[in-house]
Amino acid sequence: MPEPFDQRQPRSDKLQTMQTQGRDPFAHHKYERTHTAGEVETEFDSLAGTPVAVCGRLIAIRTHGKSIFADLQDASGTIQVYARMDVLGEEEFGRFAKLDLGDIIGAAGEVFRTRSGEVTVRIDEFILLAKALRPLPEKFHGLQDTEVRYRQRYLDLLVNAETRQIFRQRSRIIQSAREYLLAQGFLEVDTPVLQPLYGGAFAQPFTTYHNALDMQLYMRIAPELYLKRLIVGGLERVFEIGPVFRNEGIDTRHNPEFTLLEAYQAYADYDDMMALTEGLVGAMCQAVHGALQFAYQGQEIDLSPPWPRRPLLELIVEHTDIDFSGTETAEQAGQAAAGLDLGDIADQTRAHIIEKTFDRYVQPHLIQPTFVIDYPVEMSPLAKRKLEEPQLTARFEPFIAGEEIGNAFSELNDPLDQRARFQDQMRAREAGALETQPLDEDFLAALEHGMPPTGGLGLGMDRLVMLLTNQPNLREVILFPLLRPPPES
RNA sequence: GGGUCGUUAGCUCAGCCGGCAGAGCAGGGGACUCUUAAUCCUCAGGUCGCAGGUUCGAUCCCUGCACGACCCA
């Protein structure tokens with residue numbers, strides 16, 4: 001019975017031979033590169049005929065007897081290199097011929113253009129900087145298997161140019177948001193990821209444990225309550241961009257760990273936050289599209305301000321003919337929704353019934369950017385009430401292409417009302433609700449010291465990147481999405 | 001949690017009605033000094049996801065499980 005063929009064997013043998021001969025590729029600590037692949041290409045007119053030193057990974061090798069063409073890939077692109085036996089000599093040329101796809105080399109020599117017009121480095125000397133012991137995925141079709149693409153993202157990045165492009169755009173998008181806020185006088189801050197009490201969103205937390213303090217800690221589900229403490233502290237304009245953790249299911253729109261932007265502005269309200277949202281998302285779009293228009297999955301989206309402001313209950317009337325504004329109890333809301341297909345709503349609260357109706361019948365239709373405003377107070381325990389309608393809050397959620405991309409409000413700064421809202425949440429928890437916001441005495445103490453009227457905004461950066469890079473799935477814009485461990489070999 | 005689909009060589013994929021497991025790329029050997037999905041000759045490479053069942057015989061049909069994708073909740 002023949003041994004199963006191991007792709008790694010010839011490569012391991014070559015490595016061992018080199019190491020025995022005192023030419024261990026892993027002995028090199030650095031390489032003095034003079035130009036990147038992209039620079040050699042763009043600066044060809046001034047570089048032609050002069051020596052350069054480039055480095056990168058061999059992604060294609062074409063041998064022609066006593067000459068070899070190869071493509072070297074670095075972060076800037078690819079550059080063709082050309083090895084000739086009459087230039088390198090028999091021994092060095094022989095070593096070049098033993099290189100494998102995936103090997104990482106440095107190569108130095110003159111820049112020229114081939115007869116077919118390709119900018120090329122004619123190799124005078126080269127050095128192997130890392131031996132690849134495993135083969136690259138197939139060169140033409142790239143790596144298609146989604147599971148391998150996510151589990152071994154480095155392979156995806158190596159062979160799929162589109163993946164590299166997405167994550168470059170992600171970086172540019174987040175950077176543009178940061179620059180926009182800094183230009184508006186916001187201070188970037190870091191608040192605790194490990195929190196003794198979680199809050200700022202409706203979600204179940206991940207719990208962990210600190211040994212030295214002998215205490216349970218939570219991974220934050222939002223930075224909100226800490227950022228508002230900083231507003232109490234007088235910083236007036238603060239923001240944070242960072243990971244939050246929500247212990248919930250995984251699908252095309254949810255990853256348990258995701259990147260949230262939160263910004264707080266003292267002496268501002270939710271109208272100001274709408275303007276800030278329009279400016280921020282517009283800047284993010286400009287960063288990758290150079291315009292306020294972009295296409296998402298075949299839909300043309302226009303981010304030009306102002307975006308329409310539409311009351312939540314009014315939108316529900318528009319799409320279902322059902323008016324929840326007259327309802328006060330869960331029973332009344334349930335009766336109003338009787339004709340709708342909402343699944344089992346028997347034990348649901350009025351707020352949940354309204355939320356479900358919106359999610360199912362309204363949200364998919366919000367293609368162009370829309371601010372849904374005026375959420376019921378029981379769905380918004382941290383938002384300020386509207387003066388004229390105290391059962392509603394000065395809160396909005398922005399929607400684009402049918403996706404919820406954030407949440408914002410005039411922040412509740414009345415410590416007595418805030419305490420009452422927390423107590424409502426505790427009652428809901430006792431009644432069986434899993435996702436409630438725990439009473440945070442330390443946060444209440446901060447409010448009792450006085451927080452100015454403040455506008456707050458949260459934006460889901462992964463979803464925005466997904467929209468702006470035209471990806472159908474959140475996992476395509478998260479480098480290492482959470483997956484189950486692979487089955488044992 | 002439910003439904004549908006997928007899992008075959010390192011990668012990308014075929015495999016008909018149940019009857020000896022296939023191709024391209026990658027890999028080994030050989031030819032070739034301007035190629036770029038180089039070309040030509042040649043060779044090797046398989047736990048058909050895992051475990052059962054039906055059958056004379058299973059990659060193929062059935063059941064369960066694992067992982068993934070999509071849809072629904």
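Protein chains get the first letters and strands the later ones, always in sequence-line order, with residue 1 at the start of each.
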Quick one, which residues of residues 82-89 of chain A touch RNA chain B with a heavy atom under 4.0 Å? A/Tyr82, A/Arg84, A/Asp86

Has A/Lys98 got a side-chain N or O lying under 4.0 Å from the OP1 or OP2 atom of B/G27? no

What pairs with A/Asp462 under salt bridge (charged side-chain N to carboxylate O under 4.0 Å, His left out), at least two apart in sequence or on another chain? A/Arg170

Could you tell me which residues satisfy side-chain contact (heavy atoms from CB on, under 4.5 Å) with A/Val87, sequence neighbours excluded, listed by chain and number? A/Arg84, A/Arg122, A/Asp124

Please state the C1' separation for the pair B/G64 and B/G29 - nearest whole angstrom. 47 Å

Counting only non-hydrogen atoms, which of residues 106-114 of chain A are less than 4.0 Å from RNA chain B? A/Phe112, A/Thr114

List every contact pair, protein side and nucleotides 67-73 of chain B side both N or O, where the distance is under 3.5 Å.
unit_1: B/C67; atom_1: O3'; unit_2: A/Arg151; atom_2: NH2; d: 3.2
unit_1: B/C67; atom_1: O2'; unit_2: A/Glu147; atom_2: OE1; d: 3.1
unit_1: B/C67; atom_1: O2'; unit_2: A/Glu147; atom_2: OE2; d: 2.3
unit_1: B/C67; atom_1: O2'; unit_2: A/Arg151; atom_2: NH2; d: 3.4
unit_1: B/G68; atom_1: OP1; unit_2: A/Arg484; atom_2: N; d: 2.9
unit_1: B/G68; atom_1: O4'; unit_2: A/Glu147; atom_2: OE1; d: 3.1
unit_1: B/G68; atom_1: O2'; unit_2: A/Thr146; atom_2: OG1; d: 3.3
unit_1: B/A69; atom_1: OP1; unit_2: A/Arg475; atom_2: NE; d: 3.2
unit_1: B/C70; atom_1: OP1; unit_2: A/Asn473; atom_2: ND2; d: 2.3
unit_1: B/C70; atom_1: OP2; unit_2: A/Arg475; atom_2: NH2; d: 2.7
unit_1: B/A73; atom_1: OP1; unit_2: A/Arg360; atom_2: NH1; d: 2.2

Is a salt bridge present between A/Arg395 and A/Asp374, judged by a nitrogen-to-oxygen distance below 4.0 Å? no

Could you tell me if the ring centre of A/Phe371 sits under 6.0 Å from that of A/Phe396? yes

State which residues pass side-chain hydrogen bond (donor to acceptor under 3.5 Å, both in side chains) with A/Thr120; sequence neighbours excluded, sorted by chain then number. A/Gln80

Rounded interatomic separation in angstrom, taking CD from A/Gln144 and C1' from B/C13: 10 Å

Would you please confirm or rule out a distance under 4.0 Å between OP1 or OP2 of B/C25 and any side-chain N or O of A/Lys139? no

Pairing residues for A/Glu378 by the side-chain hydrogen bond (donor to acceptor under 3.5 Å, both in side chains) criterion, not counting sequence neighbours: A/Arg350

If pairing means Watson-Crick or G-U wobble with both distances under 3.5 Å, then the partner of B/C70 is B/G3

Rounded to whole Å, the CD-C1' distance (A/Gln9 to B/A44) equals 14 Å

B/A9 to B/G24 separation - C1' atoms, rounded to the nearest Å: 12 Å

pair_partner(B/A38), Watson-Crick or wobble, both distances < 3.5 Å, evaluates to none

Who passes side-chain hydrogen bond (donor to acceptor under 3.5 Å, both in side chains) against A/Asp103, sequence neighbours left out? A/Lys131

When rounded to whole Å, the CD1 to P distance for the pair A/Ile61 and B/A38 reads 11 Å

Sequence-distant partners of A/Arg113, side-chain contact (heavy atoms from CB on, under 4.5 Å), two or more places apart: A/Phe44, A/Val119

Is the phosphate of B/G28, meaning OP1 or OP2, less than 4.0 Å from a side-chain N or O of A/Lys14? yes

Would you mind writing out the side-chain donor-acceptor pairs for residues 46-56 of chain A within the sub-3.5 Å range, not counting sequence neighbours?
unit_1: A/Ser46; atom_1: OG; unit_2: A/Glu43; atom_2: O; d: 3.1
unit_1: A/Thr50; atom_1: OG1; unit_2: A/Leu47; atom_2: O; d: 2.5

Does A/Arg62 place a side-chain N or O at less than 4.0 Å from the phosphate oxygens OP1/OP2 of B/A38? yes

May I ask you to check whether over 12 heavy atoms, not counting those of A/Glu328, lie within 6.0 Å of atom CD? no

Span that lies between the P atom of B/G15 and that of B/C60, in whole angstrom: 15 Å

A/Leu136 CG to B/A26 C1': how many Å, rounded? 9 Å

Could you tell me which residues satisfy salt bridge (charged side-chain N to carboxylate O under 4.0 Å, His left out) with A/Glu90, sequence neighbours excluded, listed by chain and number? none

Going by ring-ring contact (aromatic ring centres under 6.0 Å, His included), name the residues that satisfy it together with A/Phe258, two or more places apart in sequence or in a different chain. none

Looking at B/C60, which nucleotide sits across from it as a Watson-Crick or G-U wobble partner, both distances under 3.5 angstrom, or is there none? none

Where the side chain of A/Ser67 is defined as all heavy atoms beyond and including C-beta, which of B/U33, B/A26, B/C11 is the nearest nucleotide? B/U33

What distance, rounded to whole Å, do you find between the two P atoms, one in B/G68 and one in B/U35? 47 Å

Once you apply a heavy-atom cut-off of 4.0 Å, does A/Glu118 come out as touching a base, just sugar-phosphate, or nothing? base

Touch check for A/Gly249, heavy atoms < 4.0 angstrom, all strands: base, sugar-phosphate only, or nothing? nothing

Euclidean distance for P, B/G53 against B/U59 (whole angstrom): 15 Å

Please give, in whole Å, the distance from B/A37 P to A/Phe69 CZ? 13 Å

With P as the reference atom in both, quote the distance from B/G1 to B/A38 in angstrom, rounded to an integer. 47 Å

Judged by nearest nucleotide, the residue sitting upstream toward the 5' end of RNA chain B, A/Thr120 or A/Leu99, is A/Leu99

Round to the nearest Å and state the distance from A/Ile59 atom CD1 to B/C11 atom P. 19 Å

Distance between the C1' atoms of B/U8 and B/C50, in whole angstroms? 15 Å

Would you check, one step at a time, whether the test side chain to side chain donor-acceptor pair (under 3.5 Å) holds for A/Asn470 with A/Gln297? CA-CA 6 Å; A/Asn470 194 25; A/Gln297 303 293 301; 3.1 Å; yes

Counting only Watson-Crick pairs (N1-N3 plus N6-O4 or O6-N4) and G-U wobbles (N1-O2, O6-N3), all under 3.5 Å, who is the partner of B/A23? B/U12

Give the nucleotide from the list B/C11, B/U33, B/C13 with an atom nearest to the side chain of A/His64. B/U33

Run the ring-centre check on A/Phe96 versus A/Phe126 and record whether the distance is less than 6.0 Å. yes

Atom CG of A/Leu101 and atom P of B/C11: how far apart are they, to the nearest Å? 15 Å

How many Å lie between CZ on A/Arg8 and P on B/A9, as a whole number? 16 Å

Can you tell me, in whole Å, how much space there is between the P of B/U12 and that of B/A26? 15 Å

